[in-house]
Amino acid sequence: MDLNFSAEDIAFRDEVRSFIAENYPDDLRAKADEGEELSKEDLLKWHRILGKRGWSAPAWPTQYGGPGWNSIQRYIWSEECARADTIAVLPFGVTMVAPVIMAFGTEEQKAKHLPAILKGDLWWCQGYSEPGAGSDLANLRTKAERFTGDDGKEYYRVNGQKTWTTMAQHADWGFFLVRTNPTAKAQEGISFLLIDMKSPGITVRPIITLGGEHEVNEVWLEDVIVPVENRVFEENKGWTCAKYLLAHERTGIAGVARSKRGVERVKTIARSEMEDGAPLIKNPFFKRKIAELEVDLIALEFTELRTLAGEASGKGPGPESSLLKIKGTEIQQRITELALEAVGHYGAPYFRGFGEGDNEHPIGPDYAHRAAPTYFNGRKTSIYGGSNEIQRNIIAKAVLGL
Amino acid sequence: MDLNFSAEDIAFRDEVRSFIAENYPDDLRAKADEGEELSKEDLLKWHRILGKRGWSAPAWPTQYGGPGWNSIQRYIWSEECARADTIAVLPFGVTMVAPVIMAFGTEEQKAKHLPAILKGDLWWCQGYSEPGAGSDLANLRTKAERFTGDDGKEYYRVNGQKTWTTMAQHADWGFFLVRTNPTAKAQEGISFLLIDMKSPGITVRPIITLGGEHEVNEVWLEDVIVPVENRVFEENKGWTCAKYLLAHERTGIAGVARSKRGVERVKTIARSEMEDGAPLIKNPFFKRKIAELEVDLIALEFTELRTLAGEASGKGPGPESSLLKIKGTEIQQRITELALEAVGHYGAPYFRGFGEGDNEHPIGPDYAHRAAPTYFNGRKTSIYGGSNEIQRNIIAKAVLGL
Amino acid sequence: MDFNYTDEQTMLRDTVARYLADTYTFDARMAVVNGTAGKAGWNPATWQAFAQELGILGAPFSEAHGGLGGGALENMIVMEEFGRALVIEPYLSTVVIGGGFLKAVGGAIADTVIPQIIEGKVVIAFAYAEPQGRYNLSDLRTTAKKEGAGYVLNGHKAVVYGAPWATHLIVTTRSGGGQRDKEGVSVFLVPADAKGITRRDYPTVDGSQASEVYFENVQVGADALLGEEGKGLPLVEQVVDEATAALCAEACGVTRTLHALTLDYAKQRKQFGKAIAEFQVLQHRMVDMFLEVEQAVSMTLMATLKLDEKPLDRAKAVSAAKIKIAKACKAVGQGAVQIHGGMGITTELATGHFFKRATMIEGQFGSMDHHLARFEALTD
Amino acid sequence: MDFNYTDEQTMLRDTVARYLADTYTFDARMAVVNGTAGKAGWNPATWQAFAQELGILGAPFSEAHGGLGGGALENMIVMEEFGRALVIEPYLSTVVIGGGFLKAVGGAIADTVIPQIIEGKVVIAFAYAEPQGRYNLSDLRTTAKKEGAGYVLNGHKAVVYGAPWATHLIVTTRSGGGQRDKEGVSVFLVPADAKGITRRDYPTVDGSQASEVYFENVQVGADALLGEEGKGLPLVEQVVDEATAALCAEACGVTRTLHALTLDYAKQRKQFGKAIAEFQVLQHRMVDMFLEVEQAVSMTLMATLKLDEKPLDRAKAVSAAKIKIAKACKAVGQGAVQIHGGMGITTELATGHFFKRATMIEGQFGSMDHHLARFEALTD
């Protein structure tokens with residue numbers, strides 16, 4: 001056993017560190033620092049830079065254009081990205097649909113979609129959740145009826161409603177779970193479809209969340225026509241793809257490196273905020289909360305490393321990753337709580353909707369502007385991606401045999 | 001609304017305060033302070049003194065020899081007892097079986113048992129729990145078969161096993177739930193019997209708990225003969241008595257006044273224990289834990305007072321009392337945790353079993369001797385009397401309608 | 001000892017509750033918050049209805065001033081109902097705080113202004129916080145300098161809730177001593193349109209409107225001084241304790257509604273073929289939320305009933321209450337959102353809005369740590 | 001970075017586990033604890049078996065000394081297995097602590113004593129705590145005064161685990177400076193039967209035996225000094241960090257067993273017509289216990305692997321680990337007892353005994369607050 005990086009690992013770390021330093025766009029950093037909402041182009045910019053370098057998809061094997069990094073290298077990569085506070089490459093293409101296409105897709109599907117995902121040419125969204133089916137994905141109502149078109153080809157006609165569709169307002173393509181056999185039991189009779197979001201019959205309606213963000217949407221599908229060759233894997237076997245994807249989705253959700261940055265940000269705030277004439281960070285109780293966060297973060301980090309080591313020695317991401325999801329999101333939420341606590345009175349002003357030029361009087365410190373919205377928005381992390389209650393159910397069943 | 005005591009209440013408080021000061025036995029105080037195990041005679045001594053004064057049963061109505069106190073007076077009484085750190089009157093007779101006898105017993109049963117309970121002549125124990133049925137009281141197996149004796153009278157022949165029978169080693173009488181109809185559904189077919197503990201066929205076996213205490217026992221009943229007139233209420237309707245008793249058992253379980261004394265004791269320890277040359281109580285984090293306890297105790301106290309006010313205005317003790325049980329026991333347990341934390345290294349020595357005279361080298365401070373056993377033993381409070389999980393189930397069902 | 005409402009108090013509660021249930025619906029509230037019903041965050045008609053139709057702006061004032069003859073308990077009753085309906089109108093700053101100062105100082109200014117509060121003509125905002133001051137009421141850089149018969153005020157007050165539509169500001173200032181001294185605090189009642197006052201208005205995350213308020217050589221007369229010059233801190237502490245108790249009452253209403261909304265949602269929402277209310281883990285979480293609400297109610301009652309005790313006892317009671325209220329706001333708010341799932345974090349259901357208000361109450365007039373430190377300092 | 005055991009380490013773990021499973025049953029252990037199998041708390045045959053049959057007393061020592069050539073990881077492996085079986089024998093004080101001091105100082109004393117430890121002939125108790133000192137390793141009233149070529153020791157050491165059967169004591173003393181100074185600490189290895197040493201023996205709540213040890217003009221030679229006179233604190237801190245990491249490993253074993261016992265019990269125990277393991281609230285509590293154990297294991301590994309880093313990094317890692325371990329001991333211990341119900345608080349099931357040991361580990365070598373303060377002092 002050895003905690004230290006090898007010489008190769010250190011060389012790799014230095015390489016990615018300097019690449020990020022040299023290539024991460026300044027304007028992106030400035031916008032993110034100011035809490036500005038990022039445009040679609042902003043969000044894809046870094047992805048495309050990485051795509052050119054061949055680093056946009058750390059977990060992809062080389063055969064599909066990935067860098068072929070091992071788990072330690074991927075860990076180093078995510079550490080370095082967090083260290084440099086880069087925006088994240090959006091996961092819907094690279095880490096969600098792509099592994100499914102690699103595992104279950106046809107050669108045509110691979111050829112059509114994987115390169116575009118890698119380069120950041122196309123934006124993907126995920127059509128899983130439905131109103132009335134939150135964590136219970138098997139309870140789907142969106143239905144796809146198969147028919148033969150006038151051209152003699154096979155198609156699905158899709159009708160239904162999806163919700164919580166993140167960033168669907170920007171999406172070029174979506175991957176959808178739909179019911180192709182209405183009489184089958186809950187998890188059977190589901191198929192996994194790739195749908196062009198420009199198809200007639202698709203309507204995207206924003207859902208505004210507590211912090212004022214437009215991140216999620218309702219997606220209405222009305223007689224949307226999808227060619228059968230856009231189905232991944234067998235008809236009525238979409239649940240296999242969904243399960244595969246869910247297992248992948250949970251990895252990396254620990255967010256250790258990002259949370260480390262978050263703790264640093266809280267410390268920075270607490271060094272500026274004054275209480276009775278001294279910086280808040282001198283308050284022993286505030287300081288203690290930070291220390292407890294740091295300790296829990298170390299525990300999460302080494303638990304993730306143990307999990308990575310397990311994966312490296314051949315075990316796939318198992319239900320243990322539910323642990324990382326639970327503890328990772330709890331820590332993320334505590335960070336947002338502490339930040340809001342730290343900013344005091346200036347947690348109350350709500351700045352979204354101010355005109356861009358209208359900043360003659362700066363109101364409160366810059367770091368305070370997003371504290372409350374970030375806290376509010378952060379409540380989603382224990383709900384999305386399989387709520388933390390569901391994660392506990394998974395561990396109870398799959399690990400503890402209950 | 002008014003938080004203040006009336007002039008009558010203050011006069012009452014002064015009266016009970018001076019009675020306790022003048023009548024509480026010094027030797028009892030000395031033994032309890034030293035953490036000695038109290039004998040049966042010790043435990044009954046205070047009960048008998050109160051019995052002579054007519055105060056051994058605060059909640060009894062005057063018709064049965066009780067003092068006829070209202071809820072405020074009972075509250076004052078328990079405050080004053082805690083303030084003077086008296087031992088408690090054992091509940092099995094006065095607050096458990098007696099209300100059942102008053103509500104459901106025959107005149108003969110009342111005449112025979114109530115005066116003896118009041119005076120502390122007889123010691124009672126409770127035969128409810130069985131191995132295999134903890135919080136699930138309805139799942140009883142101890143059976144009572146009815147037969148006509150050679151003397152032409154009706155009897156039950158009782159066979160079975162009870163467990164967690166507190167202080168059965170001292171008991172003269174016990175109240176038992178037994179199954180009189182083996183084919184009835186769970187909660188039906190149960191009867192409530194009063195059994196003379198000197199009856200042939202009763203064996204009491206000690207269960208030693210984690211602190212080394214002999215408080216609870218297994219009670220084996222083998223062909224124990226019980227006259228039918230010792231049954232309270234109708235045959236097969238014992239569950240009615242049990243439910244009535246359970247509702248009564250929960251009142252007073254908040255233990256606010258005792259917990260206040262407990263917090264004071266922790267403070268006393270923390271003033272003596274040194275850390276880096278200063279009293280532990282100067283440690284801001286230890287002090288904060290005490291403050292949080294005190295705040296929670298105020299919340300419990302005023303919640304109890306609200307409940308008492310509700311009872312005074314005609315509502316009986318309802319499922320809200322589950323709240324008092326849950327929060328009361330959580331606080332009691334936190335007090336024992338803090339005491340153990342405070343004593344540091346001297347929490348480890350285990351003194352039970354030392355000869356009485358063998359105290360030439362006092363080991364560690366006196367207050368440390370019982371810290372660990374009290375913590376261990378205190379874990380029972382969230383288990384006994386309907387576990388805190390069961391209490392939450394009760395609130396979910398009865399209060400929240402879930 | 002007596003925990004019963006008088007008949008008048010019961011009637012007050014029922015009247016307010018009924019009025020709000022009928023008129024202050026979620027949609028009506030959001031129309032005001034979003035400004036689709038006039039100026040964002042302020043509907044003068046509602047305030048006039050409180051004054052005229054309901055008469056509740058006089059709840060804690062003496063009959064001699066035209067009020068209902070009540071006191072802190074009446075404020076508690078109104079604020080709890082306001083919390084239940086998530087009312088944004090400034091009863092707290094106008095009636096509880098403004099009225100609190102005026103009742104405490106009495107005299108001509110009280111005789112003049114209190115009737116105007118009751119009539120709904122005077123609306124007050126409380127300018128006490130400063131960017132550097134956090135929750136320390138005497139950490140003041142805003143100055144009041146004696147000049148002639150009056151004073152000149154200079155400084156910057158932070159996050160003044162309700163300032164955009166206030167007719168008057170109550171301003172805490174330093175008229176002497178060092179930045180955090182207990183001595184040298186003076187309090188003024190200033191017309192909001194006094195010369196030299198500028199504002200920067202903005203919405204708050206909990207649906208209200210607030211302002212940064214800047215004072216530049218604002219001249220006020222000696223009659224604007226509330227209480228004695230330089231001796232204002234005990235007065236401020238008393239009124240802020242009264243306001244904190246009233247805020248606790250609001251929190252009781254907010255968390256009660258959050259709990260009720262969550263129960264309703266859990267009973268209707270189905271997952272895995274059954275109502276999520278059937279999952280034991282969620283049941284117990286809702287029980288724990290219930291326990292928090294009940295304890296919050298107990299503490300609010302305790303603190304309200306102790307507002308007239310000696311300052312140390314009053315302060316200890318109020319801090320103890322605020323500690324439990326902050327915990328309740330967090331536990332009930334987060335629990336409600338979690339059990340609502342995705343719907344809990346949208347702006348479409350009322351739940352999220354109650355959660356945001358609960359979150360802001362956690363820190364208002366002092367965070368849990370602030371009040372724990374205060375409680376400790378007053379104990380032993 | 002590599003988290004795999006070597007083949008030798010895997011074999012060590014398997015050997016110890018198998019041996020304990022076969023011979024160190026709950027009943028066998030309780031017979032020793034209760035003294036029905038000889039002197040209460042001590043069965044020399046078991047220790048000899050560890051030395052001869054298993055050879056594990058040499059696990060962390062060099063092959064030159066007759067050991068297995070291992071180090072901290074080997075201690076971790078042994079201690080985790082000992083925790084699983086609730087072993088009371090003094091591996092920690094003899095091999096980890098005694099051996100730790102000797103390895104650190106080296107030289108003749110190490111060459112003499114280490115082989116005797118490995119053979120099971122030397123058993124060491126660590127006399128470091130004092131009644132007033134709490135967890136401060138340099139808060140010492142026990143004095144060592146230079147006299148002739150040697151030293152004279154006077155003082156009172158508190159709660160010395162394993163002292164009743166130790167052949168030697170390692171004693172921390174003050175040879176100079178004020179009571180809590182960092183300078184002036186000296187460490188001695190003293191025969192337990194040296195003239196002037198008296199003991200008061202007693203059982204401990206977790207099944208071991210300990211003593212108050214009194215030193216009255218105890219004369220020791222200069223060769224009893226471990227390290228340099230007056231410069232002992234860094235040495236003590238290093239060895240106590242090593243011991244704390246080993247204690248964390250024991251806690252991993254203890255909490256793993258507690259969790260496993262609880263799962264078993266919950267699957268068998270029926271209430272309301274079904275196994276209590278089917279109640280979702282208990283399932284989630286058992287999941288939370290699992291999360292605690294897994295994190296404890298991660299932290300123990302981290303701390304053990306960092307024992308050789310710079311003192312500040314080592315100390316920070318060990319304190320971080322001990323903080324999580326204390327939490328795990330409390331959460332898993334209390335959870336196990338609660339889910340066992342009444343059976344959890346009897347002395348009849350193993351669960352209660354594991355719970356008691358877990359509870360004692362919480363405070364051993366410093367409570368959670370102690371280590372949080374130490375962690376904070378080392379951060380930034």
Side-chain angles (χ1 to χ4, degrees), chain A residues 1-6 9-10 70-73 75-76 263-264 267 271 281 284 287-292 294-313 319-320 322-327 330 388-402, chain D residues 1-6 9 72-73 76 259-260 262-263 266-267 275 277-280 282-292 294-306 308-309 316-317 319-325 327-328 368-369 371-380:
Chain A
M1 284 203 196
D2 188 359
L3 272 187
N4 298 311
F5 288 129
S6 66
D9 290 336
I10 290 171
N70 63 30
S71 57
I72 300 298
Q73 289 172 312
Y75 174 79
I76 290 170
V263 172
E264 287 309 316
K267 284 184 175 178
R271 283 191 201 101
I281 202 160
K287 199 172 155 192
R288 176 70 35 116
K289 283 182 247 190
I290 291 176
E292 288 177 327
E294 287 179 320
V295 169
D296 284 347
L297 205 39
I298 296 172
L300 183 66
E301 178 179 12
F302 281 84
T303 304
E304 185 177 35
L305 287 172
R306 279 174 59 217
T307 309
L308 286 181
E311 285 177 42
S313 64
E320 293 83 359
S322 292
L323 187 162
L324 303 177
K325 158 71 166 53
I326 294 169
K327 289 293 159 188
E330 285 176 357
N388 285 10
E389 289 88 355
I390 296 287
Q391 303 297 341
R392 285 188 167 83
N393 287 347
I394 290 171
I395 294 175
K397 193 170 170 190
V399 184
L400 307 188
L402 295 173
Chain D
M1 203 173 294
D2 171 17
F3 283 88
N4 295 308
Y5 285 134
T6 63
Q9 288 166 340
L73 275 169
M76 181 185 88
H259 188 241
T262 305
L263 283 180
K267 286 173 186 171
E278 291 178 49
F279 290 99
Q280 197 190 23
L282 301 189
Q283 290 185 348
H284 281 209
R285 186 151 186 186
M286 288 186 277
V287 168
D288 286 334
M289 290 161 68
F290 167 77
L291 301 185
E292 291 293 334
E294 286 301 315
Q295 291 180 97
V297 170
S298 303
M299 286 302 246
T300 300
L301 200 56
M302 181 278 298
T304 304
L305 291 170
K306 290 196 171 185
D308 290 333
E309 297 201 356
K316 198 175 151 182
S319 281
K322 187 71 198 329
I323 291 160
K324 286 299 279 186
I325 267 68
K327 277 191 192 162
M368 192 164 77
D369 276 0
H371 282 285
L372 274 163
R374 189 169 178 246
F375 180 85
E376 281 174 355
L378 298 168
T379 311
D380 297 347

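No experiment lies behind these values; they were computed from the predicted model shown. Side chains included, hydrogens not; waters and symmetry mates left out as well; all remaining heavy atoms used.
Between atom NE2 of residue D/H284 and atom CD of residue A/Q391 there is a gap of 10.5 Å, rounded to the nearest 0.5 Å. A/L305 CG to D/M302 CE: the interatomic distance, rounded to the nearest 0.5 Å, is 11.0 Å. A distance of 8.0 Å separates CD in D/E294 from OG1 in A/T307, rounded to the nearest 0.5 Å. A/E292 contributes atom CD, which lies 10.5 Å from atom CZ of D/F375 (distance to the nearest 0.5 angstrom). Taking CG of D/L291 as the reference point, atom CD of A/E330 lies at 8.0 Å (rounded to 0.5 Å).
For the set D/L305, D/L282, D/T379, the count of heavy-atom pairs under 4.5 angstrom toward chain A peaks at D/L305. Counting heavy-atom pairs closer than 4.5 Å to chain A, the top residue among D/V297, D/L263, D/D2 is D/D2. Contact tally against chain D (heavy-atom pairs below 4.5 Å) for A/L300, A/V399, A/N393: the top residue is A/N393. Among A/D9, A/D296, A/I326, the residue making the largest number of heavy-atom pairs under 4.5 Å with chain D is A/D296. Looking only at heavy-atom pairs under 4.5 Å with chain A, the residue among D/K316, D/E376, D/K267 that has the most is D/E376. In terms of heavy-atom pairs under 4.5 Å with chain A, the best-connected choice from D/V287, D/T304, D/I323 is D/V287. Chosen from D/Q280, D/K306, D/Q295, D/H259, the residue pairing most often with chain A at heavy-atom distances under 4.5 Å is D/Q295. Across A/R288, A/E294, A/K287, the residue that shares the most heavy-atom pairs under 4.5 angstrom with chain D is A/R288.
Neither the backbone nor the side chain of A/K397 comes within contact range of chain D, judged by heavy atoms closer than 4.5 Å. Interface remark: D/A321 contributes no atoms to any contact with chain A (heavy atom separation under 4.5 Å). Neither the backbone nor the side chain of A/I290 has a heavy atom closer than 4.5 Å to any heavy atom of chain D. Residue A/E301 does not touch chain D at all, counting heavy-atom pairs closer than 4.5 Å. Within the 4.5 angstrom heavy-atom criterion, only side-chain atoms of A/I72, from C-beta onward, approach chain D. With a threshold of 4.5 angstrom between heavy atoms, D/F3 approaches chain A through its backbone and through its side chain. Interface remark: D/D369 contributes backbone and side-chain atoms alike to the contact with chain A (heavy atom separation under 4.5 Å). For chain A, the nearby part of D/L301 is the side chain; its heavy atoms alone come within less than 4.5 Å. Both the backbone and the side chain of D/L372 have a heavy atom closer than 4.5 Å to some heavy atom of chain A.
Between D/S298 and A/A299, the closest heavy-atom pair is CB-O, 4.1 Å. Taking both residues in full, the closest heavy atoms of A/L402 and D/M286 are given as CD1-CE, 3.8 Å, listed atom of the first, atom of the second, then distance. The two residues D/A320 and A/V295 come nearest to each other via the heavy atoms O-CG1, 3.6 Å.
Remark: D/D308 CG is loosely packed, at most 12 non-hydrogen atoms of other residues, nucleotides or ligands lying under 6.0 Å away.
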